[in-house]
Amino acid sequence: MTLPGFPEAAPLAGLAGGVLIGLAAAVMLLGLGRIAGVSGLAAKAVGLGGSGIASGGAWMFVIGLPLGALIVVLASGGINATFASPATLAIAGLVVGIGTRLGSGCTSGHGVCGVSRLSARSIVATLTFMATGIATVAIMNALGLEGL
């Protein structure tokens, strides 16, 4: 299925991915009583987090993220992916890490789990993520930096 004007879009794959993310978040919340925020789980896995899930459970979640992507790549016959330079990725990762600390969570924690619980803080955080992302893309496109 394709969308008019968006030949590369994959709405059914996006829908399936969204359902799986929501299901994983629900299972984690209902089964473990823990919000499925990736930054909090990653911090817990490396010993920077405080409460919640045990370190072993956090490691399983963190390892499962790239493992799930690997399974999709192997099952689909591979994908063509391009990435920014290592320096750009390192800077972007640092900025995102600082942002998750300042915002008390990441997009998955606020956007998927917090908004679904109608958390005012998460709704504001998610609106901020979205507005900043839209503005960044608009500025990069205007400056001709879309391939960076």
Side-chain angles (χ1 to χ4, degrees), residues 1-3 6-137 140 145-148:
M1 172 181 180
T2 60
L3 298 175
F6 300 97
E8 299 296 319
L12 295 179
L15 176 63
V19 168
L20 289 174
I21 290 170
L23 182 62
V27 166
M28 190 151 199
L29 182 60
L30 296 173
L32 299 175
R34 175 75 170 85
I35 299 296
V38 176
S39 63
L41 288 164
K44 180 67 176 185
V46 297
L48 298 175
S51 63
I53 192 169
S55 179
W59 272 112
M60 286 192 300
F61 189 93
V62 170
I63 290 169
L65 293 171
L67 188 60
L70 177 63
I71 291 169
V72 168
V73 167
L74 294 175
S76 66
I79 59 171
N80 293 325
T82 59
F83 298 97
S85 71
T88 300
L89 290 175
I91 292 167
L94 181 63
V95 170
V96 168
I98 292 169
T100 59
R101 279 295 190 197
L102 291 174
S104 299
C106 60
T107 53
S108 60
H110 284 299
V112 175
C113 301
V115 171
S116 65
R117 295 181 304 115
L118 301 177
S119 163
R121 180 174 77 170
S122 291
I123 291 169
V124 170
T126 302
L127 290 173
T128 302
F129 300 150
M130 296 300 294
T132 303
I134 291 166
T136 301
V137 169
M140 290 184 70
L145 299 173
E146 64 271 351
L148 228 172

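Every value quoted in this text rests on a predicted model; they were computed, and no experiment measured them.
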By side chain to side chain contact (heavy atoms under 4.5 Å, CB included) - contacts of [X] (at least two apart):
X	answer
L32	M28, R34, I53
I123	V115, L127
I21	V112
S104	R121

**Report entry** Gap separating the CD1 atom of I91 from the CG atom of L94, nearest 0.5 angstrom
**Finding:** 8.5 Å
Donor-acceptor contacts, no H, no angles, side chain residues 58-68, under 3.5 Å, sequence neighbours left out:
from: W59; atom 1: NE1; to: A45; atom 2: O; distance (Å): 2.6

Query raised in the report: H110 versus T128: any side-chain heavy-atom pair under 4.5 Å?
Result: no
Query raised in the report: Can you name the one residue among V38, V96, L41 that meets side-chain contact (heavy atoms from CB on, under 4.5 Å) with C106?
Result: V38
